[in-house]
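What follows is a set of notes on a single structure, which appears directly below.
Within every chain, numbering begins at 1; the chains are lettered A, B, ... in the order of the sequence lines, protein sequences first and strands thereafter.
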Number of protein chains: 2
Amino acid sequence: MSNGRQSSMADVAQRAGVSMATASRALNGSPGVAETTRERVFLAAQELAYVVSPEASRLARGTTRRVAVVVPHISRWFFAAMLEGVEGVLREAGLDVLLYHVGDCEDRRDFFDRLPARRKVDAVVVLAFPVDEHEQRRFQLMGVDIVAAGGQHATYPYVCIDDEQAGRQAMDHLLFLGHERIAMIAAVDPDQPAALQQGRSDAYYAALGDAGLPVDGQLVVTVDWGGAEGATAMDRLLSLRNPPTAVYAHSDEVALGAIRSLRRAGLSVPEDVSVIGIDDHPVAELVDLTTVRQPVEVQGEIAGRIVVDLLSGQAAQKSVTVPTQLVVRGTTAPPRGARQRA
Amino acid sequence: MSNGRQSSMADVAQRAGVSMATASRALNGSPGVAETTRERVFLAAQELAYVVSPEASRLARGTTRRVAVVVPHISRWFFAAMLEGVEGVLREAGLDVLLYHVGDCEDRRDFFDRLPARRKVDAVVVLAFPVDEHEQRRFQLMGVDIVAAGGQHATYPYVCIDDEQAGRQAMDHLLFLGHERIAMIAAVDPDQPAALQQGRSDAYYAALGDAGLPVDGQLVVTVDWGGAEGATAMDRLLSLRNPPTAVYAHSDEVALGAIRSLRRAGLSVPEDVSVIGIDDHPVAELVDLTTVRQPVEVQGEIAGRIVVDLLSGQAAQKSVTVPTQLVVRGTTAPPRGARQRA
DNA sequence: AACACGAACGGAAACGTTTCCATCCCTACC
DNA sequence: GGTAGGGATGGAAACGTTTCCGTTCGTGTT
């Protein structure tokens, strides 16, 4: 079926009876080629099942048509969804995406030491991935555009949500329901420099302050990101003399873990304790979890579009903040006291 | 900090006082270079912050050091986890990963028509992605190694689980608990040629047969993959005059949806109805879902290793089947009748 | 002392495009 | 009718490596 050798552009040119220069122009859609000639070239190319050698083309052109996407946790929904968004628009634009998983600190050091993407891509997008100063300097060495998604970033064009506002939406919902003793389970990624989700914590204190409620340090527990960790945190909160009536978790996974702990303790959600998360993870709908939705895939798409604009030379918008939205489901309700009072 | 131009190998050679041929050999670790010379070259390269131009190198070498990973649904845990596994070992081996999301049928047609990865990669791995005959012929055109992961595939080396056995483990568990009226919610991917999860369905009938139980067609419902669809399916089952006492779902997400329907109907799990899934999705643990675990990331890793072996010339093992394992949690229990009887 | 041999190295031809520049020819305008 | 101008084309120089050969030189053998 396939004859052994890949045919080269010279073959195409010869078959079409033109020079390589013309063949190249014809195939690339460059101007200055007669329409009939162009057709002849295309026909020849098709007959030979010809495809350009990307290496040669890129070597000559000096551009790679490739962009690196670096992501800390591929298998977590948040990152995967974002990745899906980015990939979609990049593929649409004819750009190839090179995937780099940079998980733990060691990966991270290795990545910035070796810079494996260097000279391989025209741009890189970092997903929810704070970059410290040293790393910025390394990036600079690559001499390509950088855009950030899902984690605010002053240095590069970015797209993200307003974490503090998202947190406020969650907290205000609990406050509106009448809760006064609200715990926060703050999730941090152990493999990343912190300060990413600071906004979500700020919201907690601000909301309490605005509501005139005191802050009880015991009600704040910080854990590594993850469902199991959320459960542990909830256990800790349940060991208090005066446990909370509501829990604000930094993410849906953490919230899920908290709910498991509550159920195992024989408490029911939301009758005994309300729980709210952030993200609107797909399973949130399946388990009736109240949460604050952020459009994850959309953020990826926007990041992708910024990259495309940047590469096509047009000045892209520097950064975008997408809105979040409270989604009330079945894990939040007024506290028992309030209900009885009503 | 960075002087404008990327330095080329010629610069390195000159600075080290050798020819380009020697510089190239030194940098690649090829034999036939004196140790002192090699050091001198490395030093020069480092001083100039030199990195080879991958395009040029690959053009000359004729190999790309890149492999394509094509995946139908990036943001679903199963695929993302597998991707993470593949990426890990490929990156370890110094191979770059080119990501291709091929979701719906249109993507699919486009992918195989245009073959965008053609001449860009040395191998491609398809994740849970049945390839029909026409598509196989297109792949052949690429002239590279193909390996399949997560979906059995006769044509290419593959890694997967034994779907029928996994299904048997789930069904046998329900049967062991004493259930006799067991429903199956079969999930199919609307964007893919079916026949992928056939084994999971086979298991249902085989298990019932071995247990001497009759098959009730009403107890089998087939839906598109997804949690919401699982809920719908459960609704249908609940509308029967004589609903099942246990539900065997083809995947955890579907099982989760089923559980939501049950809860909304006022039934409790597992007291009224038992539910079991397949996969051991991370949230399964958080919601206490009984399931059959399959090692997803490991499958990706194995697929990656097969690719690496293939590319390094050593004959790799043709295919691998990894074991699955029942994980009993809180959504399965003996049926009410059995309990009362006991 | 002549010779063979191997290690280290350099020259230069690939690899397959893109693109600058020159050439040719045809049309339109004076 | 001559010439300027522009559209279509071809020649050939990049792009930056790798690698095939050939050369040189030092060492060990007879």
Starting at atom [atom1] of [X], determine the distance to atom [atom2] of [N], rounded to an integer number of angstrom.
{"X": "A/Leu27", "N": "C/dG16", "atom1": "CG", "atom2": "C1'", "value": "13 Å"}
{"X": "B/Leu48", "N": "D/dG16", "atom1": "CG", "atom2": "P", "value": "14 Å"}
{"X": "A/Asp11", "N": "C/dC15", "atom1": "CG", "atom2": "P", "value": "11 Å"}
{"X": "A/Leu59", "N": "C/dA14", "atom1": "CG", "atom2": "P", "value": "17 Å"}
{"X": "A/Glu55", "N": "D/dT17", "atom1": "CD", "atom2": "C1'", "value": "12 Å"}
{"X": "A/Met9", "N": "C/dT18", "atom1": "CE", "atom2": "C1'", "value": "8 Å"}

(message) With a cut-off of less than 4.0 Å, is there a side-chain N or O of B/Ser19 near OP1 or OP2 of C/dG10?
(response) yes
(request) Report yes if a side-chain nitrogen or oxygen of A/Ser57 is closer than 4.0 Å to either non-bridging phosphate oxygen (OP1 or OP2) of C/dT18; otherwise report no. (result) yes
For nucleotides 19-22 of chain C, which of its nitrogen or oxygen atoms have a protein nitrogen or oxygen under 3.5 Å away, and what is each distance?
none

List the atom of [X], the atom of [Y], and the distance in Å for their closest heavy-atom pair.
{"X": "B/Val12", "Y": "B/Ala44", "value": "O-CB, 3.8 Å"}
{"X": "A/Pro54", "Y": "B/Lys120", "value": "CG-CG, 3.6 Å"}
{"X": "B/Ala45", "Y": "B/Leu27", "value": "CB-CD2, 4.1 Å"}

(message) Suppose we screen for ring-ring contact (aromatic ring centres under 6.0 Å, His included). Which residues come up paired with A/Tyr100, at least two apart in sequence or across chains?
(response) A/Phe111
(message) For B/Phe78, give me all partners under ring-ring contact (aromatic ring centres under 6.0 Å, His included), at least two apart in sequence or on another chain.
(response) none
(request) Taking the side chain as every heavy atom from C-beta outward, state whether B/Thr64 and A/Glu55 have any pair of such atoms under 4.5 Å apart. (result) yes
(request) Specify the residue among A/Ser8 and B/Thr36 whose closest nucleotide of DNA chain C lies further upstream toward the 5′ end. (result) B/Thr36
(request) Kindly compute the distance separating CD (B/Glu87) from CE (B/Met82), expressed to the nearest 0.5 Å. (result) 15.0 Å
(request) To the nearest 0.5 angstrom, please state how far the CZ atom of A/Arg66 sits from the CZ atom of A/Arg119. (result) 12.5 Å
(message) Atom CD of residue position A/Glu35 - does it have more than 12 heavy atoms of other residues, nucleotides or ligands inside 6.0 Å?
(response) yes
(message) Could you walk me through whether A/Val296 and A/Trp77 satisfy the side chain to side chain contact (heavy atoms under 4.5 Å, CB included) test, starting with their C-alpha distance in whole Å, then the side-chain angles of each, then the deciding distance to 0.1 Å, before giving a yes or no?
(response) CA-CA 9 Å; A/Val296 180; A/Trp77 169 76; 3.4 Å; yes
Give a yes or no on whether the backbone of [Y] and the side-chain of [X] come within a donor-acceptor separation of less than 3.5 Å.
{"X": "B/Gln46", "Y": "B/Leu43", "answer": "no"}
{"X": "B/Asn28", "Y": "B/Ser30", "answer": "no"}
{"X": "A/Gln14", "Y": "A/Asp11", "answer": "no"}

Got a list of protein N/O to nucleotides 5-8 of chain C N/O distances below 3.5 Å?
none

(request) Please round to 10 degrees the angle between the axis of the first five pairs and the axis of the last five pairs in the helix from C/dA1-D/dT30 to C/dC30-D/dG1. (result) 40°
(request) Residues of residues 113-123 of chain B with any non-hydrogen atom less than 4.0 angstrom from an atom of DNA chain C: list those, numerically ordered, please. (result) B/Arg119
(message) Parallel, tilted or perpendicular, judged at 30° and 60°: which one describes the rings of B/Phe139 and B/Tyr156?
(response) perpendicular
